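One structure is given here, and the rest of the page talks about it.
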Amino acid sequence: MPIYEYRCRECSHEFELLVRGSMTPACASCGSAELDRLISLPRVHSDARRERSLAAAKKRDAKLGSERTRAQREYELAHND
């Protein structure tokens, strides 16, 4: 069940659509079946790209964690009853 990108010939609306079996796609905006299927770039994830993404996510999560810890500590000091 691939997802294709289309451009409507009637209203020039561009959209993505999950095409199932012998389903005939129609424009999401005007309902026309006069569509051009666009060429999409393949999404390729190499091992190096995946590792860079994971490293960036870990760095972002560590920063958010330290900010939350600091905010919690400031709250506790300000509300020491």
Side-chain angles (χ1 to χ4, degrees):
M1 289 181 269
I3 297 177
Y4 293 111
E5 294 181 41
Y6 293 97
R7 179 182 300 124
C8 179
R9 291 182 190 163
E10 300 292 323
C11 66
S12 300
H13 177 69
E14 291 185 12
F15 60 97
E16 293 179 345
L17 186 64
L18 175 66
V19 179
R20 298 176 185 225
S22 61
M23 176 181 156
T24 303
C27 178
S29 181
C30 70
S32 173
E34 297 294 319
L35 305 174
D36 291 321
R37 195 165 90 184
L38 303 176
I39 298 174
S40 302
L41 295 175
R43 296 186 183 230
V44 178
H45 290 279
S46 65
D47 289 337
R49 182 179 173 115
R50 184 171 24 112
E51 289 174 13
R52 282 193 309 253
S53 296
L54 287 173
K58 287 179 183 177
K59 184 177 179 181
R60 181 187 64 239
D61 291 346
K63 182 179 178 185
L64 287 174
S66 65
E67 289 175 358
R68 288 181 183 149
T69 303
R70 186 177 337 109
Q72 179 65 31
R73 181 69 181 144
E74 289 174 2
Y75 175 82
E76 290 172 357
L77 290 173
H79 294 89
N80 191 11
D81 292 348

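Nothing here was measured: the structure is a model prediction, and the numbers come from that model.
- Pairing each heavy atom of L17 with each of M23, the nearest pair is CD2-CE, 3.9 Å.
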For L38 and F15: C-alpha separation, side-chain torsions, deciding distance, then whether side-chain contact (heavy atoms from CB on, under 4.5 Å) applies.
CA-CA 10 Å; L38 303 176; F15 60 97; over 6 Å; no

Begin from the C-alpha positions of L77 and R73 and carry the test side-chain contact (heavy atoms from CB on, under 4.5 Å) through to its verdict.
CA-CA 6 Å; L77 290 173; R73 181 69 181 144; 3.7 Å; yes

Can you list, pair by pair, the side-chain donor-acceptor contacts under 3.5 Å of residues 4-13, counting residues two or more places apart and other chains?
from	atom 1	to	atom 2	distance (Å)
E5	OE2	S40	OG	2.9
R7	NE	E14	OE2	3.0
R7	NH2	E14	OE2	2.8
R9	NE	D36	OD1	2.8
R9	NH1	E34	OE1	3.3
R9	NH2	D36	OD1	2.9

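- Residues satisfying the side chain to side chain donor-acceptor pair (under 3.5 Å) test with D47, not counting sequence neighbours, are R50.
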